[in-house]
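These notes are about the structure you will find just below.
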Protein chains: 2
Amino acid sequence: MSYNRRMASLRAAVDVVIFAVRERRLSVLLVKRGVPPFRGRWAIPGGFLREDEGLEAAARRELNEETGLTASFLEQLATFGAPGRDPRGRVLSVCYFALLPAGNTAVPAPGGDAAQAAWFDVRKLPDLAFDHGDIFEYALQRLRWKLEWTTVGFGLVPKRFTLTELQQAFEAVLGRAADKRNFRRKVLGLGVLAATREQKREGLARPARLYEFSAQRFEKLRERGVLFPF
Amino acid sequence: MSYNRRMASLRAAVDVVIFAVRERRLSVLLVKRGVPPFRGRWAIPGGFLREDEGLEAAARRELNEETGLTASFLEQLATFGAPGRDPRGRVLSVCYFALLPAGNTAVPAPGGDAAQAAWFDVRKLPDLAFDHGDIFEYALQRLRWKLEWTTVGFGLVPKRFTLTELQQAFEAVLGRAADKRNFRRKVLGLGVLAATREQKREGLARPARLYEFSAQRFEKLRERGVLFPF
DNA sequence: TCAAAAGTGTTTCGGGTACACCCATGT
DNA sequence: ACATGGGTGTACCCGAAACACTTTTGA
């Protein structure tokens with residue numbers, strides 16, 4: 001048996017599952033493939049890793065090419081590498097997941113090999129190319145998990161936001177309604193929000209106070225070993 | 001700018017951080033490199049991915065080559081791919097972490113490029129080759145996290161085990177003592193343990209009852225949406 | 001009878017959840 | 001005055017944590 005048999009040819013793709021809350025619905029950005037294989041099928045945006053490019057840098061580049069925007073959260077998800085997953089040959093897909101703040105989610109012009117880009121409600125996804133259905137499921141599971149146990153949730157919302165907006169983002173991801181009073185108590189009780197003096201009109205009624213996520217306070221608490229469960 | 005510039009040469013390694021509890025200490029299996037680069041330095045066991053080999057299959061193969069054993073738990077950790085991390089060229093390392101049950105942890109004969117293999121207490125690690133120090137830190141963090149929030153802990157213990165053995169495994173990983181009564185209440189309260197009729201002598205005193213992890217009960221509860229926090 | 005480890009209940013505390021009304025604003 | 005969304009407090013429940021003694025076994 002040939003030990004350490006060298007692989008004939010290996011490529012690495014970096015794919016990014018991009019989530020955002022749009023009109024109170026958790027949405028994911030997909031691109032329609034303009035070239036084979038799977039031409040005409042929807043896929044998770046991504047592309048091949050370049051020489052001398054770090055993995056996270058590649059993910060940020062793809063994200064920027066697809067959306068023109070910068071993510072408020074970006075994290076590696078997992079690597080998918082089943083031998084038959086890409087008909088062109090052996091391709092490892094290093095997957096990331098990204099959050100965009102609500103509001104910055106105009107339908108972007110497609111870049112690269114994509115014929116079209118569009119946002120889809122996560123509950124109404126088309127069949128995806130390659131093994132991207134699996135990747136998406138994994139990403140969604142991870143997002144929900146992290147939303148409940150970490151502070152990623154603040155990445156779904158603009159820099160300044162009302163508590164109602166934040167709550168709606170949580171509800172959109174988790175798919176269930178939360179109690180307004182309990183939600184506010186919990187989120188304010190974390191001690192990582194700073195109230196601003198500004199307000200925002202939501203509809204034609206009483207204006208709501210705008211809050212900011214305070215990275216300083218967050219770090220201070222984390223250094224003391226405070227956990228952040230939602 | 002050349003779009004989708006093809007990489008000159010890319011290889012993928014699969015590395016496995018192998019944990020076990022030995023003599024009440026959380027330990028990691030390391031190999032001493034017998035060839036450059038980093039010859040003579042300790043490293044996380046691993047090797048190059050083969051053609052037509054799945055990622056998890058490669059991890060299991062490496063594990064078996066290094067230890068001759070089968071893991072009770074194996075999960076992908078993350079992929080490390082900074083451009084300069086391997087002086088031989090661009091190498092992505094798809095990392096896994098594995099648990100071995102206590103008892104099956106004889107010091108293994110080294111395989112492959114390794115000159116030597118040995119278990120190290122996680123609190124007394126030598127400097128590691130490549131970026132393996134980072135990989136190890138990440139693995140340890142993940143293990144601790146999963147131990148508290150999932151049922152991975154049962155992978156640290158033989159098929160049949162006493163509650164004291166299980167508690168010692170938890171204490172070894174988390175680095176703090178737990179209350180015996182609370183621990184037993186919690187773990188039995190999960191409803192996933194089955195008492196056997198057998199007993200085990202621990203020292204020269206009263207024998208302890210042996211328990212088994214019941215996969216059936218676990219699945220039954222998980223289907224009902226029961227979470228498993230430790 | 002002693003040494004060694006197994007085994008067992010109760011109380012207290014804090015966080016989570018359920019629940020309904022008044023307030024500020026513009027029309 | 002009314003429509004719209006913003007904002008607030010209390011009671012109950014359950015799981016987590018603290019805490020010490022009795023039992024079984026073999027030497």
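Throughout, protein chains are lettered first and strands after them, A, B, ... in sequence-line order, and every chain is numbered starting at 1.
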Next item on the list: Verify, without hydrogens or angle tests, whether B:Arg41 (side chain) and B:Leu128 (backbone) share a donor-acceptor contact under 3.5 angstrom.
Entry: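 A pair under 3.5 Å: yes.
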
Margin query: Given 3.5 Å as the limit, does a donor-acceptor pair link the side chain of B:Gln167 with the main chain of B:Ala178, or not?
Written below: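 Yes, B:Gln167 side chain to B:Ala178 backbone: donor-acceptor pair under 3.5 Å.
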
Dump the pairs, protein N or O against N or O of nucleotides 21-27 of chain D, anything under 3.5 Å, distances to one decimal.
residue	atom	partner	partner atom	Å
D:dT23	O2	B:Arg206	NH1	2.9

Between [N] atom [atom2] and [X] atom [atom1], what is the distance in whole Å?
X        : N      : atom1 : atom2 : answer
A:Phe161 : D:dG6  : CZ    : P     : 14 Å
B:Lys186 : C:dT8  : NZ    : P     : 19 Å
A:Asp179 : D:dG9  : CG    : C1'   : 12 Å
A:Leu163 : D:dG5  : CG    : P     : 17 Å
B:Gln167 : C:dT8  : CD    : P     : 14 Å
B:Phe170 : D:dA17 : CZ    : P     : 13 Å
B:Leu188 : C:dA6  : CG    : P     : 14 Å
A:Glu148 : C:dG15 : CD    : C1'   : 16 Å

Margin query: Over all strands shown, is B:Arg209 touching base, sugar-phosphate only, or nothing at heavy-atom distances under 4.0 angstrom?
Written below: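 If one applies the 4.0 Å heavy-atom cut-off, B:Arg209 turns out to touch the sugar-phosphate alone, with no base involved.
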
Margin query: Over all strands shown, is B:Thr164 touching base, sugar-phosphate only, or nothing at heavy-atom distances under 4.0 angstrom?
Written below: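 If one applies the 4.0 Å heavy-atom cut-off, B:Thr164 turns out to touch the sugar-phosphate alone, with no base involved.
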
Can you say whether the rings of [X] and [Y] are parallel (under 30°), tilted (30 to 60°) or perpendicular (over 60°)?
X        : Y        : result
B:Trp149 : A:Trp149 : tilted
A:Phe213 : A:Phe218 : tilted
A:Phe120 : A:Trp42  : perpendicular

Item checked: Short side-chain N/O contact from A:Arg181 to OP1 or OP2 of D:dG7, under 4.0 Å ->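 The answer is no; no side-chain N or O of A:Arg181 sits under 4.0 Å from OP1 or OP2.
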
Next item on the list: Go through the steps to decide whether B:Tyr211 and B:Phe161 satisfy the test ring pair (Phe, Tyr, Trp, His ring centres under 6.0 Å), and finish with yes or no.
Entry: CA-CA 5 Å; B:Tyr211 290 83; B:Phe161 52 89; 7.0 Å; no

Notebook entry, point to check: To the side chain of B:Asn182, which of D:dA17, C:dC19, C:dT8 is closest?
Noted result: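 My answer, after comparing the listed nucleotides, is D:dA17.
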
Checklist line | Side chain of A:Arg185 - closest among C:dA18, C:dT8, D:dT8 | finding: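 Nearest to the side-chain atoms of A:Arg185, counting from C-beta on, is C:dA18.
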
Next item on the list: Return yes if a side-chain donor-acceptor contact under 3.5 Å exists between A:Ser27 and A:Asp121, otherwise no.
Entry: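 No pair is found: no donor N or O on one side chain lies under 3.5 Å from an acceptor on the other.
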
